Amino acid sequence: MKIGIIGTGYVGMVTAVGLAELGHNVTGTDIVPEKIDKANQGIAPIYEPGLEELLKKHLKAGNLTFSHDLDCTISSTDVLFVSVNTPQQEDGSADMSFVESVSRRIAENLNNYKLIVEKSTVPVKTSSWIKRIICLYKKQDYEFDVASNPEFLREGSAVKDFLEPERIIIGVETDKARDILTKIYKKFQDRILVTNIDTAELIKHASNSFLAMKISFINLISDLCEKTDADVELVAKGMGLDTRIGKQFLKAGIGYGGSCFPKDVRALVKIGEDLGVDLNLLKEVDKVNISRVKKFVDKVKKALWILKGKKIAVLGLAFKPETDDIRNAPSISVIHTLQSEGAQLFLYDPKAMDNMKRVVPESDKVVYAESPYEAVKDTNALLIITEWDEFRCLDLKKIKELMANPILIDGRNIYAPEEVRKLGFEYYSIGR
Ligand code: UDX
Ligand code: UDX
């Protein structure tokens, strides 16, 4: 089977390389020419561990190519994965215009039976819209099917998540579509769940919203912990020993970011509204998450009082470790708040500085440092925003000597309070 991937961003690129690794013939296409040019040179447009090696391997093997030509990609493949972005709009709903325009192009190039697979996270009922658009605009009366195959990739481990999936969800409405997708994912046949399309689309939104809810739940508990002698890390540990709750996604901190959780929670609330179902619980999940930044900056103010003119180091800009992605990263709101208070900022991140420079340009008040040690020099406070491993093994003695004041405010609880205080730091963290 020849497979086309429309939209080679974080999800599309990993899907293209992953399907090639499963032995399929894959062509990726994207509206941004540079992404295609770079991919054909074996340069991944995004940082993901293991991605570039597999990209080079399959370019060399010849079963993976990238094309600028969307029409040609559509007409020359049998199965089309749509992984264009579905950005969040003002009212919280997902902007489906890219999905719609790609559906029209598929209709115009329908030259045989094709299976169109929704890979992007889309609102439930999207497949009916895709079907309607293709029926409306198809030039030749060929059969086609639409299916939903949502992705569960986590940035920083996306390649691993693709090649070692816990589940493959296939939402179909015909046996033909089911057979094609089960064949594509033959290697994972022991963990394929076949459902109808609405169910598959909802599994994705429900899963992300549930995970986001776990995070906002433990962050809410951390607020309680700060008013008592409880330690949120140990509360989470105690809770997680119950296998019904599970250990994961109970890390209290400065909140969740990324291109999925913030958008998917709001999109599901909007979907509920449109369908007349009030998903109030998820509105609270979003509110609790948004409140994390203000709570964190309040800690900075409690430590420094006036922020104007203060030198503050920020370690960690990506929305989580092991990625260069800063989409909806809490660091952006923290930086904007500190800037509005007149602080002078010294920023460092192992991977995300180039991306952040596009959002927070360098200036006399914003310096991007070459290392954590350079970032903290002569500063009045050090903020930890992303829990990169690199920060866990910093030489804190050296850090303390470099700083003007040894004030450390840890937004991801990466340090042990007693150890850090023994070194002479004034230490603040979350829920402890
Ligand atoms: C996107 C959605 O954001 C996510 O919610 C969904 O689950 C999967 O698709 P992601 O891959 O992270 O996730 O988005 P992005 O990195 O922005 O990639 C989308 C790609 O589609 C971009 O490279 C963009 O250039 C491309 N695109 C967009 C097209 O090729 N054609 C279009 O019409 C629009
Ligand atoms: C998420 C889902 O995990 C994945 O299944 C889906 O396909 C896409 O969205 P991703 O957004 O890449 O993946 O990262 P994830 O590891 O889930 O973390 C999301 C955010 O939650 C990050 O900002 C992270 O810092 C935060 N987080 C995660 C917490 O604050 N606490 C936790 O315990 C876990």
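In each ligand, atom 1 is the first atom listed, and ligand 1 is the first ligand listed. These numbers come from a predicted model, not from an experiment.
- Ring-plane geometry between Tyr427 and Tyr415 is classed as perpendicular, the angle between the planes exceeding 60 degrees on a 0 to 90 degree scale with a lower cut at 30.
- Any N or O atom pair closer than 3.5 Å counts here, and Gly257 shares at least one such pair with ligand 2.
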Problem - Verdict with reasoning, Asn328 to Lys263, per side chain to side chain donor-acceptor pair (under 3.5 Å) - result: CA-CA 9 Å; Asn328 302 305; Lys263 176 174 68 74; over 6 Å; no
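- Residue contacts with ligand 2: Phe261 is placed with no nitrogen or oxygen under 3.5 Å of a nitrogen or oxygen of the ligand (distance criterion only).
- Contact record, Val11 with Ser83: CG1-CB, 4.2 Å, taken as the closest heavy-atom pair.
- Only the backbone of Leu250 comes within 4.0 Å of ligand 2, counting heavy atoms alone; no side-chain atom from C-beta on gets that close.
- Ion pairing of Lys301 with Glu341 is present here, as a side-chain N (NZ or NE/NH1/NH2) and a carboxylate O approach within less than 4.0 Å.
- Considering backbone and side-chain atoms alike, Tyr256 places every N or O at 3.5 Å or more from each N or O of ligand 2.
- Taken from CG in Leu347 to CE in Met356, the straight-line distance is 7.5 Å, to the nearest 0.5 Å.
- For Thr386 (side chain) and Trp388 (main-chain N/O), no donor-acceptor pair under 3.5 Å exists by modelled atom type.
- Under 4.0 angstrom from ligand 2, the non-hydrogen atoms of Arg412 all belong to its side chain.
- Within 4.0 Å of ligand 1, protein heavy atoms come from Gly7, Thr8, Gly9, Tyr10, Val11, Asp30, Ile31, Val32, Lys35, Ser83, Val84, Asn85, Thr86, Phe98, Ser120, Thr121, Glu151, Ser259, Lys263, Arg327.
- Inspection of the Asn109 and Asp71 side chains reveals an N or O donor paired with an N or O acceptor under 3.5 Å.
- Thr86 and Thr121 get closest at one heavy-atom pair: OG1-O, 3.2 Å.
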